[in-house]
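All values below were derived from every heavy atom in this structure, side-chain atoms included, with hydrogens, water molecules and symmetry-related copies excluded.
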Amino acid sequence: MFDSDRMSEELRALKVDVTRLLSTAGEEMFESSKARTEALADQIRAALAELGETVEQEGELQGLVAERPVTSLASAFALGVVVGFMLRRH
């Protein structure tokens with residue numbers, strides 16, 4: 001009735017199948033997380049590049065303001081007056 005050799009063979013086969021399934025699932029999870037990581041790295045690189053451009057532009061703007069402080073102050077005042085009038089109307 002109870003065949004221990006057959007049961008041992010079935011358990012070995014089951015162990016092999018489970019090991020193979022776990023290995024395949026692990027590889028798929030690794031590839032999926034690798035793809036997500038690469039996508040995230042690309043987004044970070046793009047954000048850093050944009051930030052770098054913004055910082056360069058900010059440096060240029062500071063240079064222009066430093067070269068012409070009175071003109072910059074008058075421009076900021078005029079812009080504030082125009083925005084104030086526009087907000088007052090609405």
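Using a 4.5 Å heavy-atom cutoff, the side chains of Arg68 and Leu64 are in contact. Met86 has its side chain within reach of Val82: a pair of non-hydrogen atoms, C-beta onward, lies under 4.5 Å apart. At least one side-chain heavy atom of Phe85 sits less than 4.5 Å from a side-chain heavy atom of Val81.
When all heavy atoms of Ala66 and Pro69 are compared, the pair lying nearest together is O-CD, 3.7 Å.
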Could you list the donor-acceptor pairs under 3.5 angstrom formed between side-chain atoms of residues 37-49 and any protein atom two or more places apart in sequence or on another chain?
unit_1: Thr37; atom_1: OG1; unit_2: Ser33; atom_2: O; d: 2.7
unit_1: Asp42; atom_1: OD1; unit_2: Arg45; atom_2: NH1; d: 2.7

